[in-house]
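Heads up: the structure comes next, in structure tokens.
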Amino acid sequence: NAGVTQTPKFRVLKTGQSMTLLCAQDMNHEYMYWYRQDPGMGLRLIHYSVGEGTTAKGEVPDGYNVSRLKKQNFLLGLESAAPSQTSVYFCASSYSSDNEQFFGPGTRLTVL
Amino acid sequence: QQQVKQSPQSLIVQKGGISIINCAYENTAFDYFPWYQQFPGKGPALLIAIRPDVSEKKEGRFTISFNKSAKQFSLHIMDSQPGDSATYFCAASYPFGNQFYFGTGTSLTVIP
């Protein structure tokens, strides 16, 4: 039982490059979330999904896209990376919206 | 608009002392109030959570106090230890709301 895993752990991009962050969970959770964490700003929700095939925007969705083709996976895409997207990205999953969220170990992304 | 307001931003406590972190919210529909603990380089992990049908919940040295009328809840860490040094986030959610609302975090340092 691995919980929530994230790939990759670290990545350095140049401005304008694209990449996809992968999140996988093995708890059969319906809800999945992508957050970014920046110093002094806490956890800010980028996008979330309430089930396979569904996605919705969170607080800071601009510059990101997501897909939930399989229940266990939630992908976060950056089509044209910008230095403002330098951050630590966390994926989380939960059984329902008012139950414990389980977080992955994070991906540290630097955009030069 | 910040749905959950957390204070203080940082806290320094002597070993053996009591650490207190406060959160306030506005949405009376919230029915789940978790506290997350995050160590450097790790994802947040659930520490303790409370629902509004009780005013206090204790787990070991960690206690949540909940004041429904004031729309406030707080985390108390008794006999604080250096190993408690971490960032703490409060959060709130409500049924069918699809997401958590996190506070901005408190960096706790416990001095030996």
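Order of the sequence lines fixes the chain letters, A, B, ..., with proteins taken first and strands second; residue numbering starts at 1 for each chain.
For A:Gln6, no part lies near chain B; criterion is any non-hydrogen pair under 4.5 Å. Interface remark: B:Tyr94 contributes backbone atoms only to the contact with chain A (heavy atom separation under 4.5 Å). At a 4.5 Å heavy-atom cutoff, the contact between B:Gln9 and chain A is made by side-chain atoms alone. At a 4.5 Å heavy-atom cutoff, the contact between B:Pro44 and chain A is made by backbone and side-chain atoms alike. Heavy atoms of A:Leu45 lying under 4.5 Å from chain B belong exclusively to its side chain. Residue B:Gln6: no heavy atom, backbone or side chain, is found under 4.5 Å from chain A.
Under a cut-off of 6.0 angstrom, the local environment of OH in A:Tyr95 is sparse, with at most 12 non-hydrogen atoms contributed by other residues, nucleotides or ligands. More than 12 heavy atoms of other residues, nucleotides or ligands sit less than 6.0 Å from atom CZ of A:Arg44.
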Residues B:Glu59, B:Lys57; criterion salt bridge (Lys or Arg N to Asp or Glu O under 4.0 Å); working and verdict: CA-CA 7 Å; B:Glu59 291 184 2; B:Lys57 183 174 182 180; 3.7 Å; yes
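With hydrogens and angles ignored, the 3.5 Å screen pairs a side-chain donor or acceptor of A:Gln25 with a backbone N or O of A:Met27.
Each of B:Leu47, B:Thr87, B:Leu46 was compared with B:Tyr36 under the side-chain contact (heavy atoms from CB on, under 4.5 Å) criterion, and only B:Leu46 meets it. For the pairing with B:Trp35, the ring-ring contact (aromatic ring centres under 6.0 Å, His included) check across B:Phe100, B:Phe89, B:Phe73, B:Phe66 returns one residue only, B:Phe73.
Of all heavy-atom pairs between A:Thr15 and A:Leu112, the closest is OG1-O, 2.6 Å.
No other option in A:Ala56, A:Gly42, A:Ser94, A:Gly106 has as many heavy-atom pairs under 4.5 Å with chain B as A:Gly42. In terms of non-hydrogen atom pairs under 4.5 Å with chain A, the most contact-rich of B:Gly105, B:Gly41, B:Ser93, B:Ser10 is B:Ser93.
When side chains are defined from C-beta on, A:Trp34 counts as touching A:Leu21, because their heavy atoms get closer than 4.5 Å. Side chains of A:Gln37 and B:Phe102 form no contact here, defined as non-hydrogen atoms less than 4.5 Å apart.
Between B:Phe33 and B:Tyr25, the gap from one ring centroid to the other is short of 6.0 Å.
Of residues 67-89 of chain A, no residue lies under 4.5 Å from chain B by any heavy-atom pair.
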